[in-house]
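What's counted below: heavy atoms across the whole structure, side chains too, no hydrogens, waters or symmetry copies. Chain letters run A, B, ... following the sequence lines, proteins first, then strands; residues in each count from 1.
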2 protein chains.
Amino acid sequence: MISHKIVPNISVDCVVFGFDFEKLNVLLVERELKDEKNGKILISDHTLAGYHIFEDEDLDSAASRILKGLTGLDNIFLEQFGAYGQLDRVSAPKDKVWFEHINKGFADRVVTVGYLALIDNTKVTLRLKDRNVSWFPVARVSEMEMAFDHKFLFYEALQALQRKVKVEPIAFELLPDYFTLSQLQKLYEALLGTSFDKRNFRKKVAQMHYVIPLKKKQQGVAHKPAQYYLFSREVYEKTRKGRISFII
Amino acid sequence: MISHKIVPNISVDCVVFGFDFEKLNVLLVERELKDEKNGKILISDHTLAGYHIFEDEDLDSAASRILKGLTGLDNIFLEQFGAYGQLDRVSAPKDKVWFEHINKGFADRVVTVGYLALIDNTKVTLRLKDRNVSWFPVARVSEMEMAFDHKFLFYEALQALQRKVKVEPIAFELLPDYFTLSQLQKLYEALLGTSFDKRNFRKKVAQMHYVIPLKKKQQGVAHKPAQYYLFSREVYEKTRKGRISFII
DNA sequence: TACACATTGTGTAATATGTACACGAACCTT
DNA sequence: AAGGTTCGTGTACATATTACACAATGTGTA
């Protein structure tokens with residue numbers, strides 16, 4: 001493995017969302033630093049997955065690299081949600097301690113580019129164990145201790161997600177290739193914090209010709225088995241309309 | 001005036017849109033460099049309004065500063081549309097010449113944060129004359145010579161604008177405080193490259209309770225005078241709904 | 001083997017929104 | 001007074017939104 005030179009004042013942070021068919025979760029990294037002499041814990045909190053960019057890679061590649069390292073997956077849905085350059089971004093005392101400790105090209109002034117990542121939980125759950133990374137319910141983030149301005153970045157990402165989900169079919173990135181309509185409905189409810197009428201929701205989905213029923217049904221469930229559906233990006237691209245819709 | 005230290009590898013570029021009641025325009029800076037000896041023109045093209053950020057300012061401030069210098073206006077609508085860090089962003093031979101010439105902290109590797117700015121033409125037209133800055137119709141940008149990757153950035157901004165205009169009432173930033181419904185319609189048509197039926201457009205506006213008729217009418221026009229309207233952000237904030245609307 | 005349990009899948013009526021389409025009214029100019 | 005120009009308006013039809021309840025299908029278990 002080649003060792004890359006990092007760009008000290010530019011970094012990328014990824015807010016990785018996942019859906020477990022019940023609620024929305026976010027992938028966070030545990031950060032812990034102990035005093036070398038007495039073993040006392042100096043820092044214990046959580047951070048987003050992020051790192052400085054390398055001299056020889058662009059922003060998107062840096063984000064992909066970080067996600068690959070974390071989840072083992074390529075081809076994850078990734079989209080910028082903003083760039084952040086406030087002067088006090090990394091100025092908390094404990095953050096300075098941290099940077100002195102890892103001593104890897106820290107600059108006072110860091111601009112970070114935030115990436116929103118959506119991943120299909122069913123494809124990664126295995127590979128997280130061996131790292132200090134795990135899923136946390138989005139609803140619990142408010143109570144958590146987080147490093148730097150990462151709590152702020154998280155909420156920025158969440159807002160961006162909620163905005164985009166209303167306008168683009170990106171929610172499907174959070175589901176497996178096959179899903180039931182109830183799963184889709186629960187996902188939208190989790191994303192937007194609302195609830196929908198089942199019949200009306202399905203009527204709406206019926207208009208989305210890119211959500212296509214399969215011949216497969218659920219198996220081994222203790223109730224009437226649900227039909228599986230598929231999201232077709234091709235059909236979506238071919239049939240999308242654009243409306244002005246910011247009314248009222 | 002204090003001289004600030006710049007951050008050599010981070011810059012901000014502003015894509016400034018304006019509307020002249022006929023078409024959409026963009027503010028571009030003429031860039032010209034002549035050979036010192038023979039006066040031959042080495043470079044002649046256009047750039048977006050942009051510059052490196054200073055050590056002691058954040059990204060939004062840098063963008064505001066640049067716009068203030070260009071237009072004399074504060075409080076311009078400003079929103080990020082993306083961060084760009086491709087390795088070849090500034091690598092064209094003429095761009096290297098340019099950077100050697102101005103010799104101000106050029107780094108091979110520059111990340112630029114793109115800002116979309118919307119301005120009310122009626123408030124600035126005067127102050128542009130004394131600088132090498134002017135309005136160009138958006139439709140003509142495709143044929144223009146532009147520096148760096150600024151043509152690409154321009155189209156990124158235009159796409160972001162077209163996306164946002166459908167979902168948020170930001171078009172009003174391009175109009176004066178008082179406007180007629182025909183002006184509003186022409187603006188949307190210019191923004192989206194479509195045309196609307198007059199009666200249906202007005203029916204739609206009638207549902208937007210935040211577009212409020214005034215008692216004033218147009219004066220001195222050689223036809224039936226139009227009523228003026230006003231955009232109220234307060235009413236908008238209080239009455240907005242959020243729908244899922246990416247259907248078909 | 002039949003009953004309980006859990007979740008799926010479906011229809012209708014009332015209201016609201018979207019779309020296609022044409023002409024008289026108000027003001028200025030000559 | 002007549003001509004030019006843009007403003008402002010209504011109706012009929014199709015589509016979309018909302019509110020609301022119950023039978024069908026599979027598993028588990030008594």
Notebook entry, point to check: What does nucleotides 9-14 of chain D look like as a protein-contact string, B for base, S for sugar-phosphate only, - for none, at under 4.0 angstrom between heavy atoms?
Noted result: BBB---
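Ring centroids of B/Phe231 and B/Tyr210 are separated by less than 6.0 Å, placing the two rings close together. Remark: aromatic rings of B/Phe172 and B/Phe179 are close, center separation under 6.0 Å.
The pair A/Lys151-A/Glu145 does not count as a salt bridge, with every side-chain nitrogen at least 4.0 angstrom from each carboxylate oxygen.
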Ignoring hydrogens and angles, write down the donor-acceptor pairs under 3.5 Å from the side chains of residues 59-67 of chain B, residues two or more places apart or on other chains.
{"from": "B/Asp60", "atom 1": "OD1", "to": "B/Tyr115", "atom 2": "OH", "distance (Å)": "2.4"}
{"from": "B/Ser61", "atom 1": "OG", "to": "B/Asp58", "atom 2": "OD1", "distance (Å)": "2.7"}
{"from": "B/Ser64", "atom 1": "OG", "to": "B/Asp60", "atom 2": "O", "distance (Å)": "3.1"}
{"from": "B/Arg65", "atom 1": "NE", "to": "B/Glu57", "atom 2": "OE1", "distance (Å)": "3.1"}
{"from": "B/Arg65", "atom 1": "NE", "to": "B/Glu57", "atom 2": "OE2", "distance (Å)": "3.2"}
{"from": "B/Arg65", "atom 1": "NH2", "to": "B/His52", "atom 2": "O", "distance (Å)": "3.2"}
{"from": "B/Arg65", "atom 1": "NH2", "to": "B/Glu57", "atom 2": "OE2", "distance (Å)": "2.6"}

Would you be so kind as to tabulate the donor-acceptor pairs closer than 3.5 Å made by side chains of residues 13-25 of chain B, with sequence neighbours excluded?
{"from": "B/Asp13", "atom 1": "OD2", "to": "B/Thr112", "atom 2": "OG1", "distance (Å)": "2.9"}
{"from": "B/Asp20", "atom 1": "OD1", "to": "B/Glu22", "atom 2": "N", "distance (Å)": "2.9"}
{"from": "B/Asp20", "atom 1": "OD1", "to": "B/Lys23", "atom 2": "N", "distance (Å)": "2.8"}
{"from": "B/Asp20", "atom 1": "OD2", "to": "B/Lys23", "atom 2": "NZ", "distance (Å)": "2.5"}
{"from": "B/Asp20", "atom 1": "OD2", "to": "B/Asn25", "atom 2": "ND2", "distance (Å)": "3.2"}

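Within the 4.5 Å cutoff, the side chain of A/Thr47 has heavy atoms near those of the A/Phe148 side chain.
Between A/Phe196 atom CZ and D/dA19 atom P there is a gap of 12 Å when expressed in whole angstrom units.
Within residues 175-187 of chain B, the residues that place at least one heavy atom under 4.0 Å from DNA chain D are, in residue-number order, B/Ser182.
A donor-acceptor contact shorter than 3.5 Å is absent between the side chain of B/Gln80 and the backbone of B/Gly114.
Atom CD1 of B/Ile76 is separated from atom CG of B/Asp120 by 10.0 Å, given to the nearest 0.5 angstrom.
Distances shown here put every side-chain N or O of B/Lys204 at or beyond 4.0 Å from the OP1 or OP2 atom of C/dT17.
The heavy-atom pair separating B/Lys123 from B/Asp177 by the smallest distance is NZ-OD1, 3.7 Å.
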Contact list (N/O, under 3.5 angstrom) for nucleotides 27-30 of chain D vs protein:
{"from": "D/dT27", "atom 1": "O4'", "to": "A/Val221", "atom 2": "O", "distance (Å)": "3.4"}

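Counting non-hydrogen atoms under 4.0 angstrom, A/Gln218 reaches nothing in the nucleic acid.
With sequence neighbours excluded, the residues that form a ring pair (Phe, Tyr, Trp, His ring centres under 6.0 Å) with B/Phe136 are B/His46.
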